[in-house]
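Notes for the one structure printed next.
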Amino acid sequence: MGIIAWIFIGLLAGVIAKALLPGKDPGGIIITMLIGIAGGLLGGWLGKVIFGVDSIDGFFDLSTWIAAIAGSIILLVLYRVVTGNRRSRRA
């Protein structure tokens, strides 16, 4: 898959992760999209390292999308943990 396909998958995975984990995020849609792109890459890497599977078989392969969404959820949760602590100190 090309870099454009990974960016597109990442953007959609970020939107799906946000839909699965609703709530207020301090970053907005731009940060959500960036988290989605990075999460897609993280999910593909984790799938290969932990499970030894090639999770980037193709654009329409289910394992590619599951890996991208899982990576996006992981990064979204970490982002909320890091920024949530900063927001609670200000209040």
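Every heavy atom of this structure was used, including side-chain atoms; hydrogens, water molecules and symmetry mates were not.
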*Is there side-chain contact between L21 and R80, with at least one heavy-atom pair below 4.5 Å?*
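L21 reaches R80 side chain to side chain.
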Gap between atom [atom2] of [Y] and atom [atom1] of [X] - 0.5 Å precision:
{"X": "I37", "Y": "L41", "atom1": "CD1", "atom2": "CG", "value": "8.0 Å"}
{"X": "I16", "Y": "W65", "atom1": "CD1", "atom2": "CH2", "value": "6.0 Å"}
{"X": "L42", "Y": "L78", "atom1": "CG", "atom2": "CG", "value": "8.5 Å"}

Tell me which donor-acceptor pairs under 3.5 Å the side chains of residues 67-77 have, and how far apart each pair is, sequence neighbours excluded?
unit_1 : atom_1 : unit_2 : atom_2 : d
S72    : OG     : G36    : O      : 3.4
S72    : OG     : A68    : O      : 2.9

*Answer yes if V15 and I35 sit in the same cluster of Ile, Leu, Val, Met, Phe, Trp and Tyr residues linked by side chain heavy atoms under 4.5 Å apart, and no otherwise.*
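No, V15 does not connect to I35 through the hydrophobic network.
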